[in-house]
Amino acid sequence: MAITYRKRSDRCPGALRPWPAEDGLLVRLRLIGGRISATSLRSLMSVAEEYGDGRVHLTSRTNLQIRALPSHDGRLPDEVLAAVEATGLLPSQAHDLVRNVMVSPQTGLAGGRADLRSVAAALDAALLSEPTLGELPGRFLFVLDDGRGDLLDRRCDLGLVAADAATCQLRIGDGHGPLVALDHAAEELAELGLRFLSRRGSGPTAAWHVRELPSQLAAASAPDPRLPQSVGPLAYGEVPGGHHLEVPEGLLDRALVDSLTSVSEILIVTPWRGVLVPGESR
């Protein structure tokens, strides 16, 4: 495997490490599986209106960004950081950059082979409980496919695909790992994350991704024959489990946020810059 050399460190933005854009600071907030409460989204919208450009930006990794924020020596002023933390979307400053967890948006609502909501929550808890995992690169990505195949085309560092309601096959870099019980998948993924950190090295050759390691992170396995084929993006409009709203240019304004949060207490940002409203059809 070729050694990767970079002239700069990972600069993927967070709240504690914002990106200095031309219009001000840009902050990215991680959502586990794209899920966000109506309360948190309304609160974030208020932060964007008071301090930023008045909009909440969706990303293709199911996270949220706000931009045009003020800077104090390249960081958010204390009052702005406090307002961001008050949204509930920054549960740990030490893990600001590392909670990059994509999950099949419809999981637990309709279809799929397993409900991955508890697995995603357990993975988040495992990340937050281990200080060392706060050192994962900001671009390091976990992808959890519930067996419907909607996220199989998403390149990841670590992840899983549900084979049935109780079993999944791990994804490790660009290959597959062992079959494991879903009940133990989160701890397996967290352990692999620690193993990655122990092997990634330091300096300009330090790996940002599992595929950049000089040797395999774990023994490779053949794909289980039960694994699905990729089904591509979720269609917009009424879908099983809710309504998938296309968000023009991935930008949420106050009117759209008020509309979305008036019909559901939980919303799901999707990898296709849309919002899935559970149970909603129109």
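Values in this document were obtained by computation on a predicted structure and should not be read as measured data.
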Nearest-0.5 Å distance that lies between atom CZ in Arg154 and atom CG in Leu144: 13.5 Å
Side chain to side chain, Arg199 and Ser215, heavy atoms closer than 4.5 Å: yes
For Arg148, salt bridge (charged side-chain N to carboxylate O under 4.0 Å, His left out) partners two or more places apart: Asp146
Note, Arg211 side chain near Arg155 side chain (heavy atom, < 4.5 Å): yes
Co-membership, hydrophobic cluster, residues Leu179 and Val119, 4.5 Å side-chain: no
Straight-line distance of Ser221 OG to Leu170 CG, nearest 0.5 Å: 8.5 Å
Side chain proximity check, Arg17 to Cys12, heavy atoms < 4.5 angstrom: yes
Rounded distance [0.5 Å steps], CD in Glu135 versus CG in Leu97: 11.5 Å
Distance-minimising heavy-atom pair for Ser40 and Ile36: CB-CG1, 3.9 Å
Residues 227-236, side-chain donor-acceptor partners within the protein, below 3.5 Å, at least two apart:
residue : atom : partner : partner atom : Å
Tyr236  : OH   : Trp272  : O            : 2.7

Arg30 (side chain) donor-acceptor with Asn100 (main chain) under 3.5 angstrom: no
Trace of the side-chain contact (heavy atoms from CB on, under 4.5 Å) decision for Val98 with Leu133: CA-CA 8 Å; Val98 305; Leu133 288 173; 5.6 Å; no
side-chain contact (heavy atoms from CB on, under 4.5 Å) involving Arg55 - partner list, sequence neighbours excluded: Asp53, His57, Leu251
hydrophobic_cluster_shared for Val263 and Leu256, side chain cutoff 4.5 Å: yes
Sequence neighbours excluded - ring pair (Phe, Tyr, Trp, His ring centres under 6.0 Å) pairs with any residue from residues 133-173: Phe140-Phe142, Phe140-Phe196
Check against side-chain contact (heavy atoms from CB on, under 4.5 Å), Leu267 and Leu276: CA-CA 6 Å; Leu267 300 164; Leu276 178 61; over 6 Å; no
Note, Leu29 side chain near Asn63 side chain (heavy atom, < 4.5 Å): no
Enumerate donor-acceptor pairs with a distance under 3.5 Å from any side-chain N or O in residues 68-91 to protein atoms, sequence neighbours excluded.
residue : atom : partner : partner atom : Å
Ser71   : OG   : Gly74   : N            : 3.0
Arg75   : NH1  : Leu16   : O            : 3.2
Arg75   : NH2  : Leu16   : O            : 3.1
Glu79   : OE1  : Tyr51   : OH           : 3.3
Glu85   : OE2  : Gln93   : NE2          : 3.0
Thr87   : OG1  : Val84   : O            : 2.6
Thr87   : OG1  : Leu89   : N            : 3.2

Residues forming a salt bridge (charged side-chain N to carboxylate O under 4.0 Å, His left out) with Asp153, sequence neighbours excluded: none
Nearest heavy-atom neighbours spanning Asp150 and Ser104: OD1-OG, 2.7 Å
Name the atoms and distances for all side-chain donor-acceptor pairs under 3.5 Å in residues 181-195, with sequence neighbours left out.
residue : atom : partner : partner atom : Å
Arg195  : NH1  : Leu217  : O            : 3.1

Which residues share a side-chain contact (heavy atoms from CB on, under 4.5 Å) with Thr62, sequence neighbours left out: Met102, Val269, Pro271
Note, Leu64 side chain near Leu41 side chain (heavy atom, < 4.5 Å): yes
Qualifying salt bridge (charged side-chain N to carboxylate O under 4.0 Å, His left out) pairs with a residue from residues 247-274, counting only residues at least two apart or across chains: Glu49-Arg254, Arg254-Asp258
Cluster link Val277 to Leu31, ILVMFWY, side chain under 4.5 Å: yes
Backbone of Gly112 reached by a side-chain donor or acceptor of Gln106 within 3.5 Å: no
Separation between SG of Cys156 and CG of Asp145, rounded to the nearest 0.5 Å: 10.0 Å
Side chain to side chain donor-acceptor pair (under 3.5 Å) involving Asp96 - partner list, sequence neighbours excluded: none
Interatomic spacing from CG in Leu260 to NE2 in His243 - rounded to 0.5 Å: 9.5 Å
Can you give each donor-acceptor pair under 3.5 Å made by side-chain atoms of residues 161-168, sequence neighbours left out, with the distance rounded to 0.1 Å?
residue : atom : partner : partner atom : Å
Asp164  : OD1  : Ala166  : N            : 2.9
Asp164  : OD1  : Thr167  : N            : 2.7
Asp164  : OD1  : Thr167  : OG1          : 3.1
Asp164  : OD2  : Arg226  : NH1          : 2.8

By salt bridge (charged side-chain N to carboxylate O under 4.0 Å, His left out) - contacts of Arg61 (at least two apart): none
Shortest non-hydrogen contact between Pro105 and Ile268, atoms and distance: O-CD1, 3.4 Å
Backbone of Glu130 reached by a side-chain donor or acceptor of His95 within 3.5 Å: yes
Smallest separation among heavy atoms of Leu128 and Ser92, with atom names: CD2-CB, 3.6 Å
Heavy-atom pair with the smallest gap, counting every atom of Ala206 and Gly201: CB-O, 3.7 Å
Thr270 side chain reached by Val275 side chain, heavy atoms, under 4.5 Å: no
Side chain Thr107, main chain Leu116, donor-acceptor under 3.5 Å: yes
Smallest separation among heavy atoms of Gly108 and Arg117, with atom names: O-NH2, 3.4 Å
Nearest-0.5 Å distance that lies between atom CG in Asp157 and atom CZ in Arg139: 11.5 Å
Hydrophobic cluster identity match, Val47 and Leu58, side-chain contacts under 4.5 Å: yes
Same apolar cluster (I L V M F W Y, side chains within < 4.5 Å links), Ile266/Val247: no
Main-chain N/O of Ser46 paired to Glu50 side chain as donor or acceptor, under 3.5 Å: no
